[in-house]
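Just so it is clear: chains get the letters A, B, ... in the order the sequence lines come, proteins before strands, and each one is counted from 1.
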There are 2 protein chains.
Amino acid sequence: MKRRNTDSKKAILELLESSKSALSHDMIQGIISRNIDRATIYRVLNRFCEDKIVRRIVGDDGKQYFAYCINCVEKKQKNNHFHFRCTQCGKVECLNEEVKVALPDGYEMHNFNGIVSGICSDCASLRSGE
Amino acid sequence: MKRRNTDSKKAILELLESSKSALSHDMIQGIISRNIDRATIYRVLNRFCEDKIVRRIVGDDGKQYFAYCINCVEKKQKNNHFHFRCTQCGKVECLNEEVKVALPDGYEMHNFNGIVSGICSDCASLRSGE
DNA sequence: ATTTTATTGCGACATTATCGCAATTAAGGA
DNA sequence: TCCTTAATTGCGATAATGTCGCAATAAAAT
C-alpha cells in the first residue's frame with residue numbers, strides 16, 4: 001500500500017520531529033493548528049509506526065505516546081531505553097541509557113516498553129518553591 | 001480506613017497468590033466462580049495496590065495486570081523487574097532479573113513499569129509444530 | 001442485638017482508541 | 001492538463017477499559 005503525502009501527515013510528522021518529548025494523540029490535537037479529525041490522527045500515527053518512522057510508547061497511564069526518537073528510529077538500531085513520564089506536567093521523554101533485557105530460552109521479544117513515572121526536575125523545583 | 005475481610009476480597013487474593021502470572025480484570029472475572037461485579041473487582045484490586053499487597057503492571061496493550069509478586073511485595077524490597085507479555089496466549093509473567101534505571105538529577109521515580117512483549121516459549125514451540 | 005461504616009451491585013459515565021462508509025484528494029498515466 | 005485509481009479523510013458509531021454515585025448489604029465492634 002503506497003503512502004501519500006498529505007497535509008495531515010506532514011503536519012503531524014513535523015510536530016513529532018520538532019518535539020523533544022513523546023506526544024499523545026490529545027497533545028497533538030491540542031498543538032496542531034489545522035483541524036484534523038481524531039481518527040485521522042490515530043491512523044496517521046499508526047501508519048508511522050508500521051513504517052517504523054515513529055515509536056509507540058504505552059505509558060503507565062495506559063495511554064499511547066508517539067515519539068520520533070532520532071536515536072532509535074533513524075539509526076535503525078535496537079536501542080531499547082526507558083521513557084520518563086512526569087505525572088505533574090505530562091511530559092514523556094527519553095532516558096537515553098540503553099537497557100538490555102535477558103529473556104529465558106525460547107522467548108521472542110517483539111516489543112520493548114519501559115516506562116518510569118514520577119516528577120521531572122522542572123516540576124520538582126517548581127514545587128519546592130525554587 | 002479499616003479494611004474488611006469479604007468473600008470477594010478473599011477469593012481474588014487467593015487467586016492472585018496461586019497464580020504464577022499477573023492477571024487482568026477480565027482474566028480474574030473469567031476464572032472466579034463466584035459472580036463478582038466488575039466494579040467490585042477493580043475496587044478490590046485498587047485497594048490491594050494501595051496496601052502494597054499487589055503490584056499493578058500496565059501492559060503495552062494498555063491494560064492493567066495485577067500480580068502478587070512474592071519477590072517484590074513480601075520482601076518489601078524495591079526489586080524493579082520486567083514483565084513479559086505473550087501476545088499469543090496473553091500470559092504476563094515476571095522476568096526475575098533486576099533492572100536499575102538511572103534518572104537525571106532532580107528526577108523522582110514513583111513508579112517503574114517495564115514490559116516486554118512477544119511470544120513465550122510455550123507458544124513458540126506450539127507454533128513450530130512442537 | 002444494635003450500631004457503624006466499609007463494601008457491594010447496579011447503572012451510568014468517562015476516556016481512549018478503532019471501524020465502516022461515503023466523500024476527498026494525491027499520484028501517476030494518457 | 002485531464003482522468004483514473006485508490007489511499008486518505010471526516011463523520012458518526014462502536015468497542016474496550018476503567019471509574020463513580022448511590023442505595024443496599026454486611027463485617028466488625030460495642
Quiz item: Between the main-chain N or O of Gly118(B) and the side-chain N or O of Thr87(B), is there a donor-acceptor pair closer than 3.5 Å?
Solution: yes
Quiz item: Is it true that a side-chain atom of Glu97(B) and a backbone atom of His81(B) form a donor plus acceptor pair closer than 3.5 Å?
Solution: no
Practice problem: Step by step, work out the side chain to side chain contact (heavy atoms under 4.5 Å, CB included) result for Leu95(A) and Val101(B). | Solution: CA-CA 9 Å; Leu95(A) 298 178; Val101(B) 183; 4.0 Å; yes
Quiz item: Would you say Val92(B) and Arg85(B) make side-chain contact, with heavy atoms under 4.5 Å?
Solution: yes
Tell me the interatomic distance from [X], atom [atom1], to [N], atom [atom2], rounded to whole angstroms.
| X | N | atom1 | atom2 | answer |
| --- | --- | --- | --- | --- |
| Asp51(B) | dA6(C) | CG | P | 13 Å |
| Lys10(A) | dT9(D) | NZ | C1' | 15 Å |
| Lys9(B) | dG9(C) | NZ | P | 15 Å |
| Asp61(A) | dA14(C) | CG | C1' | 15 Å |
| Arg47(A) | dA26(C) | CZ | P | 14 Å |
| Leu23(A) | dA17(C) | CG | P | 13 Å |

Quiz item: Got a sec, which residues hit side-chain contact (heavy atoms from CB on, under 4.5 Å) with Ser21(A), two or more places apart in sequence or on another chain?
Solution: Ser19(A), Leu23(A), Lys91(A)
Quiz item: How are the rings of Phe82(B) and Phe112(B) set to each other: parallel, tilted or perpendicular (split at 30° and 60°)?
Solution: perpendicular
Quiz prompt | Under 4.0 Å protein heavy-atom contact, by nucleotide of nucleotides 13-22 of chain D - B base, S sugar-phosphate only | solution = B---SBBBB-
Exercise. Could you run through nucleotides 25-30 of chain D and give me one letter per nucleotide, 5' to 3': B if any protein heavy atom sits under 4.0 Å from the base, S if only the sugar-phosphate is that close, - if neither?
Key: -BBS--
Quiz item: Honestly curious: do Val58(B) and Phe66(B) fall in one hydrophobic cluster under the side-chain, below-4.5 Å linking rule?
Solution: no
Quiz item: By side chain to side chain donor-acceptor pair (under 3.5 Å), which residues pair with Lys100(B), not counting sequence neighbours?
Solution: Glu98(B)
Quiz item: Using the C1' atoms of the five pairs at each end, what is the angle between the end axes of the helix from dA1(C)-dT30(D) to dA30(C)-dT1(D), to 10°?
Solution: 30°
Quiz prompt | Under 3.5 Å side-chain donor-acceptor pair for Asn46(A) and Arg56(A) | solution = yes
Quiz item: Mind checking what makes ring-ring contact (aromatic ring centres under 6.0 Å, His included) contact with Tyr42(B), not counting sequence neighbours?
Solution: His25(B)
Quiz prompt | Close aromatic pair by centroid cut-off 6.0 Å: Tyr107(A) and Phe84(B) | solution = yes
